[in-house]
Amino acid sequence: MHDNVCKRSKSAIFRPEGDPSMVPGDHDPLQQDFVETLPTEVSVRIFSELDVRSLCRASLTCKNWNDIIEGSDHLWRSHCFTVLAICRREVNGDRLDGCSWKVTLVRNYRKGCVKRRWLKGLYSNIRSADDIPPNSMCPLDVETWGEILEAELER
């Protein structure tokens, strides 16, 4: 009996000698890319479990993964709703302008993170422009700055 061990999963596959299911030069089925073997809908469901950063990184893995991730508005839409809670006007405006969910998310994700940090009071003790941490600023509209100032006055 011949046994193959998948290096990634450490699981053994036992095949009799001369098993035609494994032709020389073929890839071990346990080492295949799930995107190549599963229906697209299932791959999208798997990718939907990733956070935004992981989803962006996964899209850089290979062309197949990138095609599915970039081509699925559903993946970006769910993350957009988390940004929507913080940047409702911006997200709604981008969608009305016909932007895809991914473009909407990319345009508003950083802004949402910055706004959330300001609203939580993480920058309440800043005394001068020199005290502002890197990556804590981005263009925000007047209404957003009004919300931030109101939150600061309530602290």
Side-chain angles (χ1 to χ4, degrees), residues 1-123 133-148 151:
M1 201 176 234
H2 175 64
D3 79 297
N4 291 325
V5 178
C6 175
K7 291 177 185 170
R8 285 191 204 164
S9 68
K10 304 287 184 207
S11 61
I13 305 170
F14 299 100
R15 293 192 178 95
E17 289 295 330
D19 182 358
S21 68
M22 197 67 172
V23 179
D26 276 359
H27 296 286
D28 185 336
L30 290 179
Q31 291 182 341
Q32 282 186 329
D33 178 4
F34 71 89
V35 169
E36 293 175 0
T37 57
L38 296 175
T40 303
E41 300 80 27
V42 176
S43 297
V44 168
R45 176 67 180 104
I46 292 168
F47 287 132
S48 72
E49 297 297 321
L50 299 177
D51 61 31
V52 174
R53 179 171 282 150
S54 299
L55 191 59
C56 291
R57 287 181 180 153
S59 72
L60 300 174
T61 302
C62 67
K63 185 174 177 357
N64 285 341
W65 287 29
N66 182 275
D67 289 346
I68 289 175
I69 292 169
E70 296 293 319
S72 176
D73 245 12
H74 169 76
L75 293 173
W76 303 104
R77 180 175 166 242
S78 60
H79 292 296
C80 228
F81 288 139
T82 60
V83 174
L84 180 67
I86 301 295
C87 299
R88 181 170 300 281
R89 283 182 306 280
E90 295 89 342
V91 169
N92 289 340
D94 285 348
R95 293 299 296 154
L96 286 173
D97 290 343
C99 295
S100 70
W101 284 108
K102 181 186 179 195
V103 168
T104 300
L105 179 65
V106 168
R107 289 177 60 165
N108 294 292
Y109 181 75
R110 182 163 178 265
K111 191 181 296 184
C113 291
V114 168
K115 182 177 176 182
R116 190 176 309 112
R117 282 180 268 170
W118 278 95
L119 289 172
K120 283 183 178 178
L122 296 179
Y123 308 125
N135 299 322
S136 63
M137 295 294 291
C138 68
L140 298 171
D141 59 32
V142 173
E143 290 87 7
T144 300
W145 281 115
E147 290 176 52
I148 291 169

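Computed from heavy atoms alone, side chains included, the values below leave out hydrogens, waters and symmetry copies.
In this structure, Arg89 pairs ionically with Glu147, as a charged nitrogen and a carboxylate oxygen lie closer than 4.0 Å.
In this structure, Cys56 SG and Leu105 CG are separated by 7.5 Å, a value rounded to the nearest 0.5 Å. Note that the CD1 atom of Ile148 and the OH atom of Tyr123 stand 10.0 Å from one another [nearest 0.5 Å]. We find the CG-CZ distance between Asp51 and Arg57 to be 8.5 Å, quoted to the nearest 0.5 Å. Atom CH2 in Trp118 sits 10.5 Å away from atom SG in Cys138 (nearest 0.5 Å).
Summarising the local packing, CZ of Arg107 is surrounded by 12 or fewer heavy atoms from other residues, nucleotides or ligands at distances under 6.0 Å.
Here Thr40 pairs with nothing under the side chain to side chain donor-acceptor pair (under 3.5 Å) rule; sequence neighbours left out. Under the rule for a side chain to side chain donor-acceptor pair (under 3.5 Å), Lys120 has no partner lying at least two apart in sequence or in another chain.
Distance alone, capped at 3.5 Å, places no donor-acceptor pair between the Asn66 side chain and the Leu60 backbone. A donor-acceptor pair under 3.5 Å is formed between the side chain of Arg95 and the backbone N or O of Cys99.
The closest side-chain heavy-atom distance from Glu90 to Asp141 is below 4.5 Å.
Annotation for Ser100 and Val103: closest pair OG-N, 3.1 Å, computed over non-hydrogen atoms. Residues Leu38 and Val42 share a closest heavy-atom pair of CD1-CG1, 3.7 Å.
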After noting the C-alpha distance and the side-chain angles of Ser48 and Arg45, does the key distance pass the side chain to side chain donor-acceptor pair (under 3.5 Å) rule?
CA-CA 5 Å; Ser48 72; Arg45 176 67 180 104; 3.2 Å; yes
Return a table of donor-acceptor pairs under 3.5 angstrom between the side chains of residues 68-77 and protein atoms on other chains or two or more places apart.
{"residue": "Glu70", "atom": "OE1", "partner": "Lys102", "partner atom": "NZ", "Å": "2.5"}
{"residue": "Glu70", "atom": "OE2", "partner": "Lys102", "partner atom": "NZ", "Å": "3.0"}
{"residue": "Trp76", "atom": "NE1", "partner": "Ile69", "partner atom": "O", "Å": "3.0"}

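Taking the six-membered ring where tryptophan is involved, the planes of Phe47 and Trp65 are perpendicular, since the angle between them exceeds 60° and thus also 30°.
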